[in-house]
Number of protein chains: 2
Amino acid sequence: MTNDSFYKKRKVIPIGPVSELTGLTERQIRYYEERKLIFPERSERGNRKYSFNDVEQLIDIANKREEGVQTFEIRKDMLKEKNKQDKELKEEMLRGQFNAQFGVRKK
Amino acid sequence: MTNDSFYKKRKVIPIGPVSELTGLTERQIRYYEERKLIFPERSERGNRKYSFNDVEQLIDIANKREEGVQTFEIRKDMLKEKNKQDKELKEEMLRGQFNAQFGVRKK
DNA sequence: CGTGTAAGGAATTCTGACACG
DNA sequence: CGTGTAAGGAATTCTGACACG
């Protein structure tokens, strides 16, 4: 998750191609945004822009929905996942701090 | 060049964002296509779709243009570059053939 | 709850052309 | 040659709403 390509994160894909890429209707994609499952950027005049990460996320959502999972449940799982990642990141940074002060010098 | 991310190659970005990303006008981008420097895909009804590779390519083109290089020269350089890559790929494949028949077995 | 649809408007993109040089 | 621009049309996207369930 840390070495995601730079490009996977750039939000540049309009909703039309995202719809093709995911197999979801635009209506569904917008609804998942309303339910806080996905967070596109907006162009100056309001057009949604998605990243490839968003596309992957939407595919995950689509799979869960097919299993009958409700958007509310999906959201909870996402928050849980996010929390875990934040915690890992924090530990990672602490480790860095520690090594910088007491660890062996890298050459 | 071989390990380009999958995502760098997907043609999904419309000309507007490409223009922002590269600093080129849409007019310029379309003109470079006319001059065979760039090859977007088209959506069903004709809208151009670019990849991140295309964006990088366009930035290279922009730099060369600033140096005063003409599109014709840029095109020649690109073809030369492409030839080189094709040749490398062919050698690579021959090597693979060779190893499969006579090389040491990998475990 | 999750999704479809018709509605009207606004923004995007397209092409071919004329302009300058 | 490379780029700007005005022109008109076609396609895209947006929002808010009504519908079904």
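Protein chains get the first letters and strands the later ones, always in sequence-line order, with residue 1 at the start of each. Since this is a predicted model, take the numbers as computed values, not measurements.
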Hey, is the main chain of A/Ser51 close enough, under 3.5 Å, to the side chain of A/Asp54 for a donor-acceptor pair? yes
Using only atom types and a distance under 3.5 Å, with no angle test, would you say the side chain of B/Glu73 pairs donor to acceptor with the backbone of B/Gln70? no
Would you indicate which nucleotide in C/dT13, D/dT13, C/dG2 comes nearest to any side-chain atom of B/Glu26? C/dT13
Pairing of B/Glu33 and B/Arg30 as salt bridge, 4.0 angstrom limit: no
NA contact type, B/Gln70, heavy-atom cut-off 4.0 Å: base, sugar-phosphate, or nothing? sugar-phosphate
Whole Å only: how far is the CD atom of B/Glu33 from the P atom of C/dT15? 8 Å
Presence of A/Tyr31 side-chain N/O under 4.0 Å of C/dG4 phosphate oxygens OP1/OP2: no
Side-chain N or O of B/Arg30 less than 4.0 angstrom from OP1 or OP2 on D/dT3? no
Between D/dT12, D/dG2, C/dC14, which nucleotide gets closest to the side-chain atoms of B/Arg65? D/dG2
Closest contact, heavy atoms only, A/Arg48 versus A/Tyr50: CD-OH, 3.1 Å
Can you measure B/Glu41 atom CD to C/dT13 atom P for me and round it to whole angstrom units? 17 Å
Rounded distance in Å - CG (A/Leu58) to C1' (C/dG2): 15 Å
Compare all side-chain heavy atoms of B/Met93 with those of B/Gln97 and state whether any distance is below 4.5 angstrom. no
Among the candidates D/dT15, D/dG4, D/dT12, find the nucleotide nearest to the side-chain atoms of B/Thr25. D/dG4
Nucleotide-level pairing of DNA chain C, given in dot-bracket where Watson-Crick and G-U pairs need both distances under 3.5 Å and | marks other strands: .||||.||.|.|.||.||||.
CD1 of B/Ile15 versus C1' of D/dT3: gap in Å, rounded? 14 Å
Write down the distance between CZ (B/Arg48) and C1' (D/dT12), rounded to a whole number of angstrom. 16 Å
Using a strict 4.0 Å threshold on nitrogen-to-oxygen distance, state whether A/Asp86 and A/Lys90 make a salt bridge. no
Spacing of B/Ile29 atom CD1 relative to D/dG2 atom P, expressed in whole Å: 16 Å
Evaluation steps, salt bridge (charged side-chain N to carboxylate O under 4.0 Å, His left out), between B/Glu67 and B/Lys64: CA-CA 5 Å; B/Glu67 294 166 21; B/Lys64 294 227 179 124; over 6 Å; no
Take B/Arg35 and B/Tyr31, measure what side-chain hydrogen bond (donor to acceptor under 3.5 Å, both in side chains) needs, and give me the verdict at the end. CA-CA 6 Å; B/Arg35 300 313 307 271; B/Tyr31 180 67; 3.3 Å; yes
Which sits closer to the 5' end of DNA chain C, A/Thr71 or A/Ser43, going by the nucleotide each is nearest to? A/Thr71
Whichever of B/Arg27 and B/Lys49 has its nearest DNA chain C nucleotide further upstream toward 5': B/Lys49
Provide, to the nearest angstrom, the distance between the CZ atom belonging to B/Arg42 and the P atom belonging to C/dC14. 6 Å
Relative to the 5' end of DNA chain D, which residue comes earlier, B/Leu24 or A/Gly16, by the nucleotide with the nearest heavy atom? B/Leu24
Check whether any side-chain nitrogen or oxygen of A/Arg45 sits under 4.0 Å from OP1 or OP2 of C/dT12, and answer yes or no. yes
Just the rounded figure in Å: distance from C1' of D/dT12 to CG of B/Asn47. 8 Å
Does C/dG2 have OP1 or OP2 sitting under 4.0 Å from an N or O in the side chain of A/Tyr32? no
